[in-house]
Amino acid sequence: MTNINFEDIRQQFPILTRQVYNKQLVYFDNAATTQKPQCVLDKTIEAYTQYNSNIHRGVHYLSQVATMAHEQARQDIADFIGAKDKKDIIFTRGTTEAINLVAFCFGETFIDEGDEIIVSAVEHHSNLVPWQMMCERKKAILRIIPLKDDCQLDLQAFENLLNERTKLVAVAHVSNVLGMVNPIETIISMAHKAGAKVLIDGAQSVAHTRVDVSQLDADFFAFSGHKIYGPTGIGILYGKENILNAMIPYQGGGEMIQHVEYQHTTYNELPYKFEAGTPDFIGSVGLSEALKFVRSIGIENIKQHETDLLVYALNQLNQIEGMKIIGQPTSGVISFNVGKIHPYDIGVLLDKQGVAVRTGHHCAEPLINLLGLPGTVRISFAIYNTKEEIDIMIKALKRAVAMLQ
Ligand code: PLP
């Protein structure tokens, strides 16, 4: 790993210096949302104080500056994920909206009664419910890639599910419960051979590993700004140009139109066709700044640091009696339970000691039920976390377990 000054990185996140319940905050809920570096906060303030003005429509100076900043952000995001063209980048509110957009527009354009969609057993509700809704609307069939005993996706079963009626496969790059990386290269190539398109839910991957949508040959890729040190309320849908062009628009309104008559409208070109209404032109520049922050450290360095933390944490967790790690985590997230203690109780007692973790089904209720669990305690890492924080968490966890057993 290149020489990185982690203390310097940490100091760029003002919230990390605060205390909760008179204890130093240890923030291990990064899979839910990441904290924001000063440069992203500054960029947001700069946008509001220097060029806040509605974009694309104004002839005046501020509007032109804001438009340029927004469109430059689109280019930066395209570059970051290896998209060939910035018009393949659609601004959404987040991963959830990006997937809903595809489920609706792809569904209305390409799905007929009896067609099949495949998702996996580990999906977040965001990559499950929109497909259920689409299948209900279009009388299509939803198929699920099952898990093997080791919590890996069963690719043999996936192969058997694929057939000429399979129109789309939607899978998470990284599971937000298991922290396991799905073999998306293989899944994409198998799906394409069967003639199906593929959507990758990158909500838990893009901040932790290099993503190149062109190299992957993904048809769609979705992620959220707030999980990669950017603002909340902005997310990205990448789509291949020919598929996006063929799809009907998502919502109607300003921006997405070319000409409007009382009874008829022609639609704008990409990407605007899918961006009805005033876009989040402050969020876009904030997200672009967050990606600049990530690039300045290097995604490979981030991955290495987080892997070190994960290995260190697993070693320590495994020494606690009754510890059950769920699955085989390798990326950013560890889910666990201790004996018969309810995960919520552990979460509350960790919180009281300043350690922020997540408990419950993590918006993946079918997976948690499949695993026969009441929920899990989930810790998740970001670039600013340290081994010292893991030590604090382990000490707090031992205290919690002693009190609850
Ligand atoms: N997909 C996965 C794998 C996630 O972990 C999450 C959020 O935790 C989402 C989708 C939804 O992201 P958002 O709520 O930002 O739309």
Side-chain angles (χ1 to χ4, degrees), residues 6-7 9-37 124 174-180 203-205 207-209 224 226-229 232 302-320 323-338 341-364 368 373 375-401 404:
F6 288 105
E7 196 41 48
I9 290 173
R10 217 180 140 75
Q11 279 169 9
Q12 295 179 44
F13 290 80
I15 201 171
L16 297 179
T17 58
R18 72 156 292 168
Q19 299 201 329
V20 293
Y21 312 114
N22 291 322
K23 303 272 184 337
Q24 178 54 48
L25 169 69
V26 172
Y27 185 76
F28 280 158
D29 194 18
N30 295 288
T33 200
T34 53
Q35 300 303 344
K36 318 303 170 202
H124 188 282
V174 175
S175 158
N176 68 309
V177 176
L178 304 172
M180 291 170 68
Q204 295 298 342
S205 69
H208 309 283
T209 192
S224 301
H226 70 98
K227 292 186 196 283
I228 183 165
Y229 312 108
T232 30
I302 293 177
K303 185 176 179 171
Q304 185 60 58
H305 177 66
E306 291 173 352
T307 304
D308 289 349
L309 293 177
L310 187 118
V311 170
Y312 185 77
L314 281 174
N315 274 335
Q316 300 224 48
L317 287 169
N318 275 321
Q319 286 166 30
I320 294 176
M323 175 59 58
K324 169 112 183 70
I325 306 289
I326 315 300
Q328 302 170 67
T330 59
S331 178
V333 168
I334 302 175
S335 268
F336 65 85
N337 281 316
V338 186
I341 304 173
H342 198 280
Y344 177 79
D345 294 338
I346 292 182
V348 169
L349 290 189
L350 286 178
D351 176 53
K352 293 289 181 283
Q353 299 174 81
V355 181
V357 301
R358 184 143 293 229
T359 66
H361 56 49
H362 316 295
C363 296
I368 294 295
L373 302 170
T376 77
V377 181
R378 184 184 75 180
I379 54 174
S380 50
F381 304 117
I383 185 62
Y384 40 71
N385 289 128
T386 64
K387 289 184 179 168
E388 290 71 40
E389 288 182 307
I390 292 172
D391 293 340
I392 294 170
M393 183 271 293
I394 292 287
K395 206 168 145 200
L397 178 61
K398 284 180 178 162
R399 279 187 69 187
V401 169
L404 292 164

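All heavy atoms count here, side chains included; hydrogens, waters and symmetry mates do not. Residue indices begin at 1 and follow the sequence shown.
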Q. Side chains of Y312 and D391: is there a donor and an acceptor less than 3.5 Å apart?
A. yes
Q: Examine the side chains of Q304 and D308 and answer whether a donor and an acceptor come within less than 3.5 Å of each other.
A: yes
**Q.** Rounded distance [0.5 Å steps], NZ in K398 versus CE in M393
**A.** 10.5 Å
Q.
I need the N385 CG to E306 CD distance, nearest 0.5 Å.
A. 8.0 Å
(Q) side-chain contact (heavy atoms from CB on, under 4.5 Å) for L404 and V338? Distances and angles first, verdict last. (A) CA-CA 10 Å; L404 292 164; V338 186; over 6 Å; no
Q) Taking the six-membered ring for Trp, are F381 and F28 parallel (under 30°), tilted (30 to 60°) or perpendicular (over 60°)? A) perpendicular
Q: Determine whether Y27 and T34 make a side-chain contact, defined as any pair of heavy atoms from C-beta on separated by less than 4.5 Å.
A: no
Q: Quick one: closest heavy-atom pair of I368 and G360, and the distance?
A: CD1-O, 4.4 Å
Q.
Between K36 and H226, does the side-chain contact (heavy atoms from CB on, under 4.5 Å) criterion hold? Intermediate values first, please.
A. CA-CA 8 Å; K36 318 303 170 202; H226 70 98; 3.8 Å; yes
Q | Heavy-atom closest contact (G354 atom, V20 atom, distance) | A | CA-CG2, 3.5 Å
Q) Does a side-chain heavy-atom distance below 4.5 Å link Y229 with I383? A) yes
Q: Find out whether S380 and Q204 are in side-chain contact, i.e. whether some heavy atom of one side chain is under 4.5 Å from a heavy atom of the other.
A: no
Q) What is the minimum heavy-atom distance between G375 and N337, and which atoms define it? A) O-ND2, 2.9 Å
Q | NZ/K352: more than 12 non-hydrogen atoms of other groups inside 6.0 Å | A | yes
Q: Indicate the atoms forming the closest heavy-atom contact of K227 with A207, along with that distance.
A: O-CB, 3.4 Å
Q) So, H342 side chain and Y344 main chain: donor-acceptor pair closer than 3.5 Å or not? A) yes
**Q.** T307 and T330: CA distance, side-chain angles, deciding distance, side-chain contact (heavy atoms from CB on, under 4.5 Å) verdict
**A.** CA-CA 7 Å; T307 304; T330 59; over 6 Å; no
**Q.** Point-to-point distance, once rounded to the nearest 0.5 Å, from OH of Y384 to NE2 of H305
**A.** 10.5 Å
**Q.** Point-to-point distance, once rounded to the nearest 0.5 Å, from OG1 of T17 to CD of Q24
**A.** 7.0 Å
Q: Measure the spacing between CD of Q328 and CG of L314 and express it to the nearest 0.5 Å.
A: 11.0 Å
Q) Side chains of V174 and T209: closer than 4.5 Å at any heavy-atom pair? A) no
Q: Can you measure from CE (M323) to CG (L397) and round to the nearest 0.5 angstrom?
A: 5.0 Å
Q) How close do V26 and E389 get, heavy atom to heavy atom, and via which atoms? A) CG1-CB, 3.8 Å
**Q.** Where Q353 and R399 come nearest, the two heavy atoms and their spacing
**A.** OE1-CD, 3.5 Å
Q) Do the non-hydrogen side-chain atoms of T359 and R378 ever get within less than 4.5 Å of each other? A) no
Q. Quick one: does V177's side chain get under 4.5 Å of V333's, heavy atoms only?
A. no
